[in-house]
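Excluded from the calculations below are hydrogen atoms, water molecules and symmetry mates; all remaining heavy atoms, backbone and side chain alike, are included. In each ligand, atom 1 is the first atom listed, and ligand 1 is the first ligand listed.
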Amino acid sequence: MTADTVAYHVADGIAWVRFNRPEKRNCMNPALNRRMMEVLDELEFRDDVGVLVLSGEGSAWSAGMDLKEYFRETEAKGLGAVRQSQRESYGWWRALRWYQKPTIAMVNGWCFGGGYGPLYACDLAIAAEEAKFALSEINWGILPGGGATKVVVDLMPLRDAMYHALTGELIDGKKAAEWRLVNEAVPLDQLQDRVTQVARMLLEKNPAALKATKDAVRRVKEMTYDNAEDYLVRAQEAANFHDNTGRKEGIRQFIDEKSYKPGLGAYRR
Ligand code: ACO
């Protein structure tokens with residue numbers, strides 16, 4: 001019944017996952033949130049998936065939470081339903097933040113409010129210059145919840161985060177890149193090519209190292225230097241448990257075989 005709220009296909013190591021309610025500008029209702037969790041679960045450990053890209057069908061990436069189904073109708077059912085809906089949306093964003101494979105948000109259009117949760121959850125974000133972003137919560141009388149305030153404070157300079165949250169003003173992809181909400185912005189007609197290029201770069205790397213690295217970047221942000229130093233030693237040793245040949249092979253191909261230079265690209269796997 002909920003199967004079509006999320007579209008996806010896998011090609012050449014990349015899982016292309018799309019919000020699929022274009023007629024509702026891909027706003028997130030409970031059915032979409034439940035379905036997205038299923039799709040993420042189904043793709044996470046597949047051998048033919050090395051990178052996951054999250055984009056939207058139609059003119060939107062995501063117009064945030066569904067104000068009718070996620071808020072009004074759920075609230076009408078009482079606190080239990082509200083908490084359940086929050087668990088479902090926050091749940092898949094959390095799963096995405098710590099996903100086994102590297103993830104890229106390909107922001108093709110509108111991105112509002114609750115959409116900042118999955119945007120932040122993706123490891124990288126590349127937007128169309130034409131995409132439009134806003135924390136529009138203030139426009140309908142609430143604070144940016146569901147993590148959105150935390151997202152902008154984590155990613156943006158404080159003055160920009162404050163302006164963004166207080167005004168609800170739209171910014172385009174270029175400004176979003178300038179404010180570091182996304183890595184970069186390219187013209188919409190080049191967006192998929194650029195994302196594919198970045199995904200292919202990731203596909204060349206050691207998957208255990210990618211997972212260890214993405215987790216480390218998120219974890220150390222909140223640690224003291226000494227705690228980070230210790231965590232990173234332990235994280236590398238844990239990664240060695242999952243892949244005990246990768247780094248030896250990386251050294252061997254450079255030092256003994258002289259077949260590549262780590263400064264210039266990845267070793268042959
Ligand atoms: N919640 C519920 N329905 C929505 C949402 C939403 N967030 N966004 C769009 N829709 C629905 C519209 O009600 C409309 O439904 P209808 O066809 O049954 O009338 C349909 O999607 C198409 O939307 P339009 O407004 O007609 O599309 P348009 O392209 O003109 O505008 C825009 C797009 C700017 C994204 C507009 O739909 C909009 O402002 N949406 C709300 C954005 C927003 O502020 N989201 C909430 C953020 S805060 C949070 O997520 C907690």
Side-chain angles (χ1 to χ4, degrees), residues 1-2 4-7 18-37 54-77 79 81-97 105-122 125 127-156 160-176 179 181-182 185 188 191:
M1 197 181 80
T2 62
D4 62 354
T5 52
V6 177
R18 300 177 297 285
F19 295 108
N20 190 30
R21 300 180 73 213
E23 73 292 351
K24 297 288 182 188
R25 304 301 178 263
N26 297 324
C27 65
M28 292 173 270
N29 65 352
L32 182 146
N33 290 327
R34 282 193 287 276
R35 181 61 187 147
M36 191 64 90
M37 190 73 214
L54 181 60
S55 70
E57 288 287 348
S59 63
W61 192 70
S62 173
M65 308 321 293
D66 187 317
L67 302 197
K68 176 167 167 279
E69 294 185 40
Y70 182 84
F71 287 111
R72 193 167 65 189
E73 291 177 3
T74 304
E75 282 161 18
K77 292 180 194 155
L79 185 61
V82 169
R83 291 287 179 264
Q84 176 64 24
S85 277
Q86 288 168 337
R87 270 198 291 272
E88 286 166 354
S89 54
Y90 302 172
W92 77 260
W93 305 343
R94 189 179 311 114
L96 197 57
R97 282 201 300 283
M106 181 170 97
V107 186
N108 51 298
W110 301 112
C111 179
F112 286 103
Y116 283 35
L119 179 71
Y120 177 72
C122 289
E129 289 175 353
E130 298 88 335
K132 293 279 193 289
F133 298 76
L135 282 184
S136 53
E137 284 88 340
I138 199 74
N139 290 339
W140 62 281
I142 69 163
L143 62 75
T149 299
K150 174 72 175 154
V151 170
V152 293
V153 169
D154 255 21
L155 296 180
M156 290 177 168
D160 296 330
M162 188 66 91
Y163 185 91
H164 200 53
L166 286 177
T167 65
E169 198 173 82
L170 285 174
I171 59 171
D172 65 13
K174 275 189 188 167
K175 180 66 88 180
W179 282 357
L181 194 53
V182 299
L188 180 59
L191 182 62

Discussion item. Can you name the atoms of ligand 1, numbered from 1 with element, that are less than 4.0 Å from a heavy atom of Glu23?
Written reply: 20 (C), 21 (O), 22 (C)
Discussion item. Using a 4.0 Å cutoff against the non-hydrogen atoms of Gly64, which atoms of ligand 1 qualify?
Written reply: 50 (O)
Discussion item. Under 4.0 Å from a heavy atom of Phe112: which atoms of ligand 1 are those, numbered in the order shown and with their elements?
Written reply: 35 (C), 42 (C), 43 (C), 45 (N), 47 (C)
Item to complete: Write out the residue and atom name of the closest protein heavy atom to atom 1 (N) of ligand 1, then the distance separating them to 0.1 Å.
Response: Leu67 N, 2.9 Å
Item to complete: Take atom 46 (C) of ligand 1 and look for protein heavy atoms under 4.0 Å from it; say yes if you find one, no if not.
Response: yes
Worksheet item: Any non-hydrogen protein atom below 4.0 Å of atom 28 (P) of ligand 1?
Response: yes
Practice prompt. Assert yes or no for the condition that the ring centre distance of Trp179 to Phe133 is strictly below 6.0 Å.
Written response: no
Practice prompt. Enumerate the atoms of ligand 1 whose separation from the nearest heavy atom of Ser136 is less than 4.0 angstrom.
Written response: 43 (C), 44 (O), 45 (N), 46 (C), 47 (C)
Worksheet item: Is it true that a side-chain atom of Asn20 and a backbone atom of Glu57 form a donor plus acceptor pair closer than 3.5 Å?
Response: no
Worksheet item: Would a search of protein heavy atoms around atom 15 (O) of ligand 1 find one under 4.0 Å away?
Response: yes
Discussion item. Taking 4.0 angstrom as the limit and counting only heavy atoms of Ala63, give me the atoms of ligand 1 inside it, by number and element.
Written reply: 7 (N), 8 (N), 42 (C), 43 (C), 45 (N), 46 (C)
Practice prompt. Using distance alone, determine whether Lys24 and ligand 1 share an N or O pair under 3.5 Å.
Written response: yes
Item to complete: Would you please determine whether Tyr70 falls within less than 4.0 Å of ligand 1 on a heavy-atom basis?
Response: no
Practice prompt. For ligand 1, find out whether one of its N or O atoms is nearer than 3.5 Å to an N or O atom of Gly115.
Written response: no
Fill in: Top protein contact for atom 31 (O) of ligand 1, by heavy-atom distance
Arg25 NE, 4.4 Å
Worksheet item: Within a distance of under 4.0 Å, is there any protein heavy atom near atom 19 (O) of ligand 1?
Response: no
Worksheet item: In ligand 1, which numbered atoms sit nearer than 4.0 Å to a non-hydrogen atom of Phe71?
Response: 51 (C)
Response to the item:
atom 32 (C) of ligand 1 has as its nearest protein heavy atom Trp110 CE2, 4.2 Å
Item to complete: Hey, can you tell me if Trp93 and Tyr90 have their rings parallel, tilted or perpendicular (30° and 60° cut-offs)?
Response: tilted
